[in-house]
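The structure under discussion appears below in the form of structure tokens.
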Amino acid sequence: MNFNAPRGTHDLIEKDAENLRYLETLCRKIFEKWNYSEICFPTFEDAGLFTRSIGESTDIIEKEMYVFEDRKGRKLALRPEGTASTVRALLEHSLMQKMPAAKLFYMGPMFRYERPQAGRYREFYQAGAEYFGNSEPPADAEIIIAASEILKSAGLKKIDTRLNSLGCKACRPAFRQELKNYFSSKEGLCEDCSNRLEKNPLRVLDCKIDGPRFTDLPQMEKFLCPECKKHFDGVKELLEKSGCGYTVDHKLVRGLDYYTKTIFEIRGSAEGAQDALCAGGRYDNLVEELGGSPTPAVGFALGSERVIAAAQKENAVWNASRPLKVFVAVSGESLLKEAFVFAAGLRRSNLAEPVKLAICAGAPEICVEGPVASRSLKSQLKLADKFGADKTIIFGEDEYKRGAVVLRDMKTQEQKEIKIV
Ligand SMILES: [Zn+2]
Ligand SMILES: [Zn+2]
């Protein structure tokens, strides 16, 4: 019987796994520079948490969530995104009281039952950050700048930052009504949009079929109440003064219900870069809706696979620090134990200083393979090549009798004896 990875999932192997780790390390560094601390939350939660926060009439809840019952009949869901869990943890652990500024970041797999297509997976990786307790434009600007700094540091030369405001409880209803009126008079909306016009008319704006059809669409910016307008202007000003480019996109909406005021998306600028690499915005009502006291919040998440693919398209060079690779080989089986003990000592950095210096020459990280004595020395050296060894240490009986081994530099092919005892 043969098993394959479930449809829509993928294994990350070798370079792909390295790239994910590289990106996550990069994200971690930048988040920490902005004083965000890491939170790791469960991969599954009470399904109600997501329904409540993301919104019943969103695609995620209606079509894409992995919901299941456990053995005690609890209704659980694999996390489709990270914000709801972060808010849940914030409340559960009263983090607003404990932290001077509740600024959190997370990374890891998320799950959505989507139609598998290039670059879209049912289990995919995200990294994200959430900033709680600050209702002012600097928080929005901080989140947007941190997000774009990650993408730029990942080697994306040009990014396209789209900005919009969705207003608040006071000003959005009039815009929704205006959209409903506008679209009700239009013929031939796609099936999805005809269905969601009543419950979620904003989504028609970013429909791939209907969005581009109309040129005179109502714009939320014209409906913003004075407070929302002032906030939006404040965010724009901070971005401009910080040299963070953006364009206001009146059709930008998000597929989640909890957003208020600022929303944004960053796309790559490579041709055909339609999908957002990262997206986020402000959600000032969510903490309260999940049972907390009113707490303003703003955050974003990036799709790791998408960022990696975009960086590859732009030929970004990701130089993860590579350890010095050392292969330990044995000529004949008689010295296997000695070679094993030596290799273990090398990994644990347990050898005498002159020996370490001769082999590692001050390399900060080391990766050691071998010994594999059941093969001829020749085939062990082939293994060393496959492993990508920088240096190979050969245990031979004659040298060992003199308390020495052979150290071979794999690039220059140079060999010399070094004393190990
Ligand atoms: Zn408003
Ligand atoms: Zn549509």
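Order of appearance sets the numbers: ligands from 1, and atoms from 1 within every ligand. Keep in mind the model is a prediction, meaning the values are calculated, not measured.
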Q) Which is it for Tyr113 and Tyr66 under the ring-ring contact (aromatic ring centres under 6.0 Å, His included) test, yes or no, and what are the steps along the way? A) CA-CA 7 Å; Tyr113 193 87; Tyr66 279 92; 5.7 Å; yes

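- Formation of a donor-acceptor pair under 3.5 Å by the Lys391 side chain with backbone atoms of Ile359 is found in this model.
- Within Asp210, the N/O/S atom positioned nearest the Zn ion (ligand 2) carries the name OD2.
- Between the side chain of Lys157 and the backbone N or O of Glu314 there is at least one donor-acceptor pair closer than 3.5 Å.
- An angle of 110° is found at the Zn ion (ligand 1) between Cys171 atom SG and Cys225 atom SG, rounded to 10°.
- When only modelled atom types and interatomic distance are considered, His231 and Asp140 share a side-chain donor-acceptor pair under 3.5 Å.
- For Cys190 atom SG and Cys193 atom SG, the angle they make at the Zn ion (ligand 2) is roughly 110°, to 10 degrees.
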